[in-house]
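Worksheet: the structure to be examined is printed underneath.
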Amino acid sequence: MTTDNSATSILIIGAAQGIGQAIARTFAADHYHVILADLSESVYDTAQQIRVDLPQASVDATVLDATDLRAVEQLAENITELLPDAQQNLQHVVYSAGAGSGKFGFPFWNMHPADWKRVLDVNLMGAVNVAHAFSKVLRANLRDNSTKVVDSTLLFIASIAGQMGSQTDPPYSAAKAGLINFMQVVAKDLAPFGIRANAISPGMIQSSLTRSVWQAWNDQQAEHDKLDYKQWGQDKLNNICPLARWQTPEEIAATALFLASTGAANITGQTINVDGGIIMHS
Ligand SMILES: NC(=O)c1ccc[n+]([C@@H]2O[C@H](COP(=O)([O-])OP(=O)(O)OC[C@H]3O[C@@H](n4cnc5c(N)ncnc54)[C@H](O)[C@@H]3O)[C@@H](O)[C@H]2O)c1
């Protein structure tokens, strides 16, 4: 049985590239109306490329700095302008924006406390801004019938770094730990409205983010210890990942699609690790 998602809209923040872009493509291919938002103006090119690759896709795009609360609130207030018709609601929101410090954070005093602010702002406060502004939009879906369960969702892309004292980039790990904790609060507070909230923790994906982590590491190494990006990642994976393989943006997107589906109707407040088994919790 195929599901008709043509009346369902999803907003993905951090969608110009990487995991956010893969999530947008996957939902567009599954006939959702997708709205891409990103700090980078390249989000418009990404949206156009999805339209070219998937001619049936229904795609909109907008520039957004998620760390700017007023800008996030304005997008939430005007979101109907990006929906295909006035009868439709926004049903799903994904927060995939993220950034590392770009510095080698081991040991932690290698960094300065001033290096933390931007990392906390993008990875944590942006998500807080989005949860505040868009939970209001998702709750308003109930305005006509307060007993109707709408099964809207919020999804936060966290990281396995937030589940361990990862020494690579301390402000990034701390921000993701905060994000996972906040997601659980969001899940509890929105459950009475039929809105679910979850997180996905990717392991290691080839993207600009891990490339900047590698670059910061590589810059610190003596000439004979330097490794190229792929070898650095594979060595790390061989040490810590039972499946010893990189994860892909498409694998994260497949989990995101499941979490938005009715098949996941009883899943809320969870962090799903798509990480080849790096983290195993009972
Ligand atoms: N790549 C990995 O291995 C990995 C692992 C674990 C978690 N993650 C998380 O997955 C998410 C996506 O990472 P990615 O690998 O696709 O990274 P990426 O750098 O390819 O993409 C991140 C996107 O977020 C956007 N962005 C940054 N700041 C923003 C802001 N203030 N407002 C709006 N958009 C903003 C960027 O412009 C970019 O398009 C991030 O939250 C990241 O922390 C990635």
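D53 and Q49 are linked by a side-chain donor-acceptor pair at a separation below 3.5 angstrom, with hydrogens and angles left out of the test. Between Y229 and T210, the side chains place a donor N or O and an acceptor N or O closer than 3.5 Å (distance only, hydrogens not considered). Under the 3.5 Å distance criterion, with hydrogens and angles disregarded, a donor-acceptor pair is assigned to the side chains of Q88 and S9.
The side-chain heavy atoms of L154 and Y95, taken from C-beta on, include no pair separated by under 4.5 Å. Counting heavy atoms from C-beta on, the side chains of V213 and K236 never come closer than 4.5 Å. Residues H132 and N129 are not in side-chain contact: their nearest non-hydrogen atoms beyond the backbone lie 4.5 Å or more apart. A heavy-atom distance below 4.5 Å is not found between the side chains of N5 and F27. With a 4.5 Å cut-off on side-chain heavy atoms, V186 and S135 do not count as touching. A 4.5 Å side-chain heavy-atom check between R118 and T67 finds at least one atom pair inside the cut-off.
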Would you list the atom pairs, donor with acceptor, under 3.5 Å between side chains in residues 54-61 and any protein atom, with sequence neighbours excluded?
residue : atom : partner : partner atom : Å
S58     : OG   : H33     : ND1          : 2.6
D60     : OD2  : H33     : NE2          : 3.4

Tell me which donor-acceptor pairs under 3.5 Å the side chains of residues 237-245 have, and how far apart each pair is, sequence neighbours excluded?
residue : atom : partner : partner atom : Å
N238    : OD1  : Q234    : NE2          : 2.9
N238    : ND2  : Q234    : O            : 3.4
N239    : ND2  : D235    : O            : 3.4
R245    : NH1  : E251    : OE2          : 3.1
R245    : NH2  : E251    : OE2          : 2.8

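Nearest heavy atoms, A127 versus F182: O-CE2, 4.3 Å. In terms of heavy atoms, T62 sits closest to Y44 at CA-OH, 3.9 Å. Across F156 and A131, no two heavy atoms sit closer than the pair CZ-CB, 4.3 Å.
Of the charged side-chain nitrogens involved, none lies within less than 4.0 Å of a carboxylate oxygen, so that K136 and E77 do not count as a salt-bridged pair. Ion pairing between D151 and R196 holds under the 4.0 Å rule for side-chain N and carboxylate O.
Note on I12 and I195: separate hydrophobic clusters, where clusters join Ile, Leu, Val, Met, Phe, Trp and Tyr whose side-chain heavy atoms are under 4.5 Å apart, directly or indirectly. Under a hydrophobic clustering in which Ile, Leu, Val, Met, Phe, Trp and Tyr are joined whenever their side-chain heavy atoms come within less than 4.5 Å, directly or via other members, I272 and I279 fall into different clusters.
In this structure, D219 places its CG atom where more than 12 heavy-atom neighbours from other residues, nucleotides or ligands lie under 6.0 Å away.
Under the side chain to side chain contact (heavy atoms under 4.5 Å, CB included) test applied with I205, the options I19, D275, T248 reduce to a single match, I19.
For K188, there are no salt bridge (charged side-chain N to carboxylate O under 4.0 Å, His left out) partners two or more places apart in sequence or in a different chain. For T271, the side-chain contact (heavy atoms from CB on, under 4.5 Å) partners are Q163, I180, M183, A199, S201, N273, not counting sequence neighbours.
W109 forms part of a hydrophobic cluster together with F108, judged by ILVMFWY side-chain heavy-atom separations under 4.5 Å. The hydrophobic cluster containing L120 also includes W116, under a criterion of side-chain heavy atoms closer than 4.5 Å among ILVMFWY residues, counted directly or through chains of members.
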